[in-house]
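A quick write-up on the structure given underneath.
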Amino acid sequence: MRSLAVRAGWWVLSVGTMVGLWELAAALDLINTVILPPPRVFIREIENQAQFLLPQIGVQRIGGNFVALTAIWASFLRIVSGLALAFIAAVLLGSLAFSLRVFHKLTYPVITLLAPIAPVAWIPFALVAFGIGDGAAIFVVFVGIFFVLELAAVNSMKNVDQHYIDTARVLGASRRQVMWHVIFPAILPNLFVIMRVNLFGAWMGVLTAEMVGVNTGLGTIVLVGRQMMNMNLTFLGMAMIGIVGYLLDAGLGLLQRRVLWWKSVAHV
Amino acid sequence: MGEIVCTNVTKVWGVGTTREVAALENVSFSVRHGEFVVVIGPSGCGKSTLLMLLSGLEMPTGGTITYNGEPITGPDADRSLIFQQPSLFPWRSTIDNVAFGLQLRGVPRKERRQQAEKFLRQVGLREFANKHPHELSGGMQQRAAIARALCLGADVLLMDEPFAALDVQTRFHMQSFLLDIWLGSGKTVVFVTHHIDEAAYLADRVVIFTARPGRLLDSVDIDMPRPRNVISPDFERYRALFVERLRSEVTRAFQEQELAEMLDTRIK
Ligand SMILES: Nc1ncnc2c1ncn2[C@@H]1O[C@H](COP(=O)(O)OP(=O)(O)O)[C@@H](O)[C@H]1O
Ligand SMILES: [Mg+2]
């Protein structure tokens, strides 16, 4: 409890110092506040809710008065759907590659070639293939993470301690039961680590897609701010991007500790 | 029931590869129903390999193994294998580990937990039912692993140096504990060790293997009432006999070191 308070204290101090210096510089006229508006100013931009309903910024109004939420929600949904789909697909195809050597041999070279392609590099293709909208953004997250995750899944499956598998088999487990009760739980922690490591890349993918063509969501807010020469809007968008990204990582970390707490104390 | 007969059993690992290893050669011996047999031999002589074959996880490359008169074709919950390494699943609570075999058979949760609790009580771990493996000591983990085997009603316990990783004091407790469980249970035990004292303390009969490829060197009935006095002249006699038989088998270079290891006793 105390350590939490101490951590929170440092957090406040750190963020407070940055904001304070920024505000100070603005007050002393050291920076051009049109280009670099201080937090106090750009945060107030959020009161201008109507602008988030512009067709190219928000998405359809999802109710409530806080319309900026629609943009946050749009980006959030995209990354979460992309991650979830990539996770499911990676586990499914990974299992197939793990149990079927031919399939592994056939797909491995292709996947290792595709894995290093950065998510943003897929955007042009995604826009052409899926058109403007959620599909393209979700696809970018998906390809950004699927290949790495699939490789990690196969690799982790191969490295599951043979004693666990043998124990299950001796206790009467079928191949399917070994997969479900031993291999999946054993590799889950690794997959979570990979997801977290690649989270920011995927987040970048979504935002970039939103800037260059998807036309809704947080990425679009930043861009529209520039086009309208309204840096308040741009910085507001950036702040929201930072906060949502932070919360995504924290959420994933929480899930990791909640569900996979045993990994930190045992080695599989 | 629990009779095992090996006839001319040979096991070569990696047949057809450049890394062929003959682990067992022409091994013939049998284990009577309800007998406590200890297998001892220098490290690498194929003791673990033998248990893999008896469990059905691996097939011999030559000869036959029968269980109750039937050839062994695969793993069977009737013959449970317990490893030296802790093999409890770290993501399951102790009780769910013990109940795992029943779960594989589709026994409903409430029922299998009731069963598991019975066996946890037998091994003195009832208060630890909801703890996870990392919260148990090494000795407790092995007791839980034994409970897991008993919970499925295994008639044969195949134990691969189950206490080797424990400290001397705990090992001594576990040996007495195992005898308590076994006495009067009618269960058959094949127990692998490379500790001479452990063999003399536990066994009805000690089977001695040669260095690799493991062949049967000798089979010695231990004619001492239980509980055995480890500082009696009788015990000393068996001990000297085993040292004598094994001396020629441990590799010359490491002879003294390895024999010393095998004598690493609990009365030291
Ligand atoms: N799964 C395996 N694959 C290939 N070789 C093995 C395997 N298990 C054991 N061996 C080899 O068989 C020999 C006997 O090993 P093992 O049965 O583990 O001996 P012990 O248990 O008596 O120390 C060793 O040379 C070992 O390298
Ligand atoms: Mg061994």
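Below, chains carry the letters A, B, ... as their sequence lines are ordered, and counting in each starts from 1.
For B:Arg92, the part lying near chain A is the side chain, with the backbone staying farther off; criterion is any non-hydrogen pair under 4.5 Å. Heavy-atom distances place the backbone of B:Leu88, and not its side chain, under 4.5 Å from chain A. The part of B:Leu152 that comes within reach of chain A is its side chain, from C-beta onward, which places non-hydrogen atoms under 4.5 angstrom from that chain. Heavy-atom distances place the side chain of B:Phe100, and not its backbone, under 4.5 Å from chain A.
Among all heavy-atom pairs drawn from A:Leu171 and B:Leu104, the shortest one is O-CD1, 3.6 Å. In this structure, A:Val170 and B:Ser80 approach most closely via the heavy-atom pair CG1-CA, 3.7 Å.
For the atom pair A:His181 NE2 and B:Asp96 CG, the distance stands at 11.0 Å (nearest 0.5 Å). Rounded to the nearest 0.5 angstrom, B:Gln85 CD and A:Thr167 OG1 are separated by 9.5 Å. The line from CG of B:Asp160 to NE2 of A:His163 is 7.0 Å long, rounded to the nearest 0.5 Å.
Atom CE of B:Met174 is surrounded by more than 12 heavy atoms from other residues, nucleotides or ligands within 6.0 Å. The neighbour count for B:Glu20 CD, taken as heavy atoms of other residues, nucleotides or ligands under 6.0 Å away, is above 12. Within a 6.0 Å radius of CZ in A:Phe103, other residues, nucleotides and ligands contribute more than 12 heavy atoms.
Taking 4.5 Å as the limit, some side-chain heavy atom of A:Tyr164 sits within range of a side-chain heavy atom of B:Pro90.
Within residues 247-256 of chain A, no residue has any heavy atom closer than 4.5 Å to a heavy atom of chain B.
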* Should A:Leu188 and B:Trp91 be marked as a side chain to side chain contact (heavy atoms under 4.5 Å, CB included) after you check the CA-CA gap, both sets of side-chain angles, and the distance that decides it? -> CA-CA 11 Å; A:Leu188 220 48; B:Trp91 52 87; over 6 Å; no

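Chain A forms more heavy-atom pairs under 4.5 Å with one residue of B:Ala154, B:Pro75, B:Pro133, B:Ala149 than with any other, namely B:Pro75.
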